[in-house]
J.: 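Can you read through this structure? Questions will come right after.
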2 protein chains.
Amino acid sequence: MYPETRSEMAVKHYRADKMLVAVDCVIFGFDGEALKLLLIKRGFEPQKSKWSLMGGFVQPKESLDNAASRILEQLTGLKGVFMEQLFAFGDPARDPMERTISVVYYALVDIGQYKKQLSEDFHAEWFPLSELPLLIFDHDQMVGTARERLQYKAALHPILFELLPGRFTIRQLLDLYESVYGKELDKRNFIRKLQSSGLIIRQKEKEKGSSKKGAFYFKLDKRKYSSSLRSFISFLPTKEIFQ
Amino acid sequence: MYPETRSEMAVKHYRADKMLVAVDCVIFGFDGEALKLLLIKRGFEPQKSKWSLMGGFVQPKESLDNAASRILEQLTGLKGVFMEQLFAFGDPARDPMERTISVVYYALVDIGQYKKQLSEDFHAEWFPLSELPLLIFDHDQMVGTARERLQYKAALHPILFELLPGRFTIRQLLDLYESVYGKELDKRNFIRKLQSSGLIIRQKEKEKGSSKKGAFYFKLDKRKYSSSLRSFISFLPTKEIFQ
DNA sequence: GCAAAAGTGTTCGCAGTACACCCATGA
DNA sequence: TCATGGGTGTACTGCGAACACTTTTGC
């Protein structure tokens, strides 16, 4: 309970309007070609059949994090996914129907793992970031903020592994970084930094689909990964970061 | 308007409980000695006369940013202060009286500028971060998150200038960095990086209070400062950041 | 044997670090 | 003249950047 203004401080109960509190999810995926976003076609008013982020209201006995996990699971069937609170959007006019605060989360999912059936129930589709449709309300702004955050965070912490399957090739990782930043990176320097980080472990098997020679699979060293998430590790050229 | 669950998608209006939405402010200041926090002694129930962050409810036609600015101004009399949304706290049990979502902001203020009178009205006091009292609800956690964010952000962007007056000495800036990170920094390297950033302009006047020789005042180059806030600039040793 | 992708090394330059002394002044 | 804090310079080194060729193998 908080005072609204100084003159109200003596009063025990303050006038305070309650509001709807929603959670919306910006869901990133990577299919080897481009970074994509999972959007749903709204099957309900207002703005029926427009594209939007997946969202829902926070339930009375549910934390924000739990609401976000629940909503993500509804759409993808996935639990335990990398997810982080992004920003709270609260412009009074953002939802024309009713005052609603939206706490936005972003998630990084292995696009191969999600349950396609669920997405079909929601008329969901993966859109490349370069070909996004117009979204309802302020969802475009949410996506913009999420993209900035992803670039920012991934420049300093190795979170992009979350977008790949458990076994991946260096080529896939490189392509991922290049599509997140829209820039070509030097393969040799990239690999060197990657290997010196000690985060990846080479497997015995090779991926043979995309080349004759075949490319070794790698796995993430999960211990090193967990402890490295808090420290700063970058596979990008420093000047990309420090401009 | 969002669906709560899939089964509700066909329904036009969904059951959704509204909640109180508050904004709390973590207000940092620096007095040349230590980094401090401005706390108020609650003059209202619950938890009357316990210490807490300054907060208030978001008004029906007010954005979150505006609510935060309003609340900060109520306590300090300051406008146009550096302020940033920190995090939304929404544990169902965080406020024992009623379900309340709190969107927390942190602010960096020039401690010499704030209106002491207003603070007295709220029974507010500046506390060194090392001597904080117990705070109500989850305000300790909010402060912890704010401290982490401040260290993180200031390691990459030159935001700590916001805590100093318009005219400052290098010594003050160095002391500030040292108190934010709780570490001693090499004066010569610090100055070199600072100067090579081109962010500060030496004034003609000297500060004569704390030494016989006197130390030049500097001012921030506001143009370079504005454009640099988005890029990465650090005056800290790289290994402090990249561990 | 050739096309296509995988994978590997070296050189150079600069930025970061460590480190110590002189300067100006008031008392 | 001395004590106090202000202010400057250098040498080293290690990391990041730029850059090109060899390897493997399926066709």
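In this text, all values refer to a predicted model and were calculated from it rather than measured experimentally. When reading the values below, keep in mind they use all heavy atoms of this one structure, side chains included, and skip hydrogens, waters and symmetry mates. Naming: A, B, ... by sequence-line order, numbering from 1 per chain.
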J.: Verify the neighbour count for atom CD of A:E120: are there more than 12 heavy atoms of other residues, nucleotides or ligands below 6.0 Å?
T.: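 Result for CD/A:E120: enclosed.
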J.: Would you mind reading off the distance between A:R171 atom CZ and C:dG7 atom P, rounded to a whole angstrom?
T.: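 Rounded to the whole Å, the gap is 9 Å.
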J.: Which nucleotide in the set D:dA17, D:dG6, C:dT25 lies at the smallest distance from any side-chain heavy atom of B:K212?
T.: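 Nearest listed nucleotide: C:dT25.
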J.: Should we count CZ of A:R149 as having more than 12 external heavy atoms under 6.0 Å?
T.: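 Counting other residues, nucleotides and ligands, CZ of A:R149 exceeds 12 neighbours.
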J.: Regarding C:dA24, can its base be found pairing with the side chain of B:K213 as donor and acceptor, where the two atoms are less than 3.5 Å apart?
T.: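 There is none.
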J.: In residues 181-198 of chain A, what residues come within less than 4.0 Å of DNA chain C, judged by heavy atoms?
T.: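 Those residues are A:K187, A:R188, A:I191, A:R192.
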J.: Ring centres of A:F168 and A:F161 under 6.0 Å apart?
T.: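 Yes, they do, as the ring centres are separated by less than 6.0 Å.
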J.: A:L236 has an atom CG; how far is it from atom C1' of D:dG16, in whole Å?
T.: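 It works out to 13 Å between those atoms.
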J.: Roughly, in whole Å, what's the span from CG in A:L174 to C1' in C:dA6?
T.: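 Answer to the nearest Å: 12 Å.
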J.: Give the rounded distance in Å between these two atoms: CZ of B:F168 and C1' of D:dG6.
T.: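 Spelled out: CZ on B:F168 to C1' on D:dG6 is 16 Å.
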J.: Can you tell me how far P of C:dA15 sits from CZ of B:F235, to the nearest Å?
T.: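 Whole-Å distance recorded here is 16 Å.
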J.: Using ring centroids (six-membered ring only for Trp), state whether B:Y152 and A:F232 fall under 6.0 Å.
T.: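 That pair passes the under 6.0 Å test.
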J.: Contact class for A:S210 vs. all strands (heavy atom < 4.0 Å): base, sugar-phosphate, or nothing?
T.: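 The answer is sugar-phosphate, as A:S210 gets under 4.0 Å only of primed atoms, P, OP1 or OP2.
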J.: Checking all strands, does A:K208 fall into the base, sugar-phosphate, or nothing category for heavy-atom contacts under 4.0 angstrom?
T.: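 Touches sugar-phosphate only.
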J.: Could you state the atom-to-atom distance from CG of B:L173 to C1' of D:dG6 in whole Å?
T.: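 The answer, rounded to whole Å, is 15 Å.
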J.: Indicate yes or no: does B:D221 engage B:R223 in a salt bridge with an N to O separation below 4.0 Å.
T.: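 Salt bridge absent between B:D221 and B:R223.
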J.: B:I170 has an atom CD1; how far is it from atom C1' of D:dG6, in whole Å?
T.: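 About 9 Å, once rounded to whole Å.
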J.: What is the minimum heavy-atom distance between B:E207 and B:T169, and which atoms define it?
T.: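 What the structure gives for the nearest pair is CB-CG2, 3.7 Å.
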J.: Please state how far atom CD in B:Q172 lies from atom P in D:dG6, giving the value in whole angstrom units.
T.: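 Those two atoms, CD and P, are 10 Å apart.
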J.: Is the NZ or CZ atom of A:R202 positioned over A:F216's six-membered ring, under 6.0 angstrom from the centre and within 45° of the axis?
T.: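 Yes; both conditions hold, so A:R202 lies above the ring face of A:F216.
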